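Written below as structure tokens is the structure these notes are about.
Just so you know, ligand 1 is whichever comes first in the structure, and atom 1 is the first atom listed for that ligand. One is the number of the first residue; the rest follow in order along the sequence. Computed from a predicted model, the values in this text were never measured in an experiment.
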Amino acid sequence: MKVDHIAIAVKSLDEATKVYSDLFGKGPDHFEEVEEQKVKTAIYYLGDVRIELLEPTSDDSPIAKFIEKRGEGLHHVAYKVDDLEAKLAELKEKGFRLIDEKPRVGAEGKLIAFVHPKSVVGVLTELTQDAKE
Ligand code: ZN
């Protein structure tokens with residue numbers, strides 16, 4: 001497995017990109033709005049890993065609810081796998097609590113699935129598999 005991206009929940013992309021642009025010494029590489037998740041994101045490419053800042057666009061966004069409960073900060077870590085379906089079956093067998101029992105299609109046609117934070121030491125964990133060409 002490799003780290004694909006790390007997602008950080010923020011109240012304001014304007015404020016958060018100031019901090020992260022100072023930290024990384026460069027501005028965001030990409031902006032995107034994901035209507036289904038009711039978030040807008042600023043993405044930095046750092047080697048093979050993307051750092052995604054997520055700002056809710058609505059009070060009923062899952063990110064808004066997260067910030068309300070736990071404040072700003074680490075939202076999830078995503079790992080890239082070769083065969084998501086097989087990995088989910090393996091994790092289920094090992095007793096992990098899966099949020100998505102089956103892969104679903106995420107941004108850029110990638111397959112994704114989430115594993116419950118309760119079974120990964122408090123961290124919401126995303127597994128992702130690149131779209132097959
Ligand atoms: Zn993600």
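Counting heavy-atom neighbours within 6.0 Å of Lys26 NZ, excluding the residue itself, gives a total above 12. Heavy atoms of other residues, nucleotides or ligands lying less than 6.0 angstrom from CG of Asp60 number more than 12.
Judged as a salt bridge (Lys or Arg N to Asp or Glu O under 4.0 Å), and not counting sequence neighbours, the contacts of Glu52 are Arg50.
For the Zn ion (ligand 1), protein N/O/S neighbours under 2.8 Å (waters excluded) are His5 NE2, His76 NE2, Glu126 OE1.
Side-chain atoms of Thr41 do not come within 3.5 Å of backbone N or O of Ile43 as any donor-acceptor pair.
Checked for salt-bridge contact, Lys92 and Glu101 meet the test: a charged N lies under 4.0 Å from a carboxylate O. Ion pairing between a basic and an acidic side chain is recognised when a charged N comes within 4.0 Å of a carboxylate O; Glu90 and Lys87 show such pairing.
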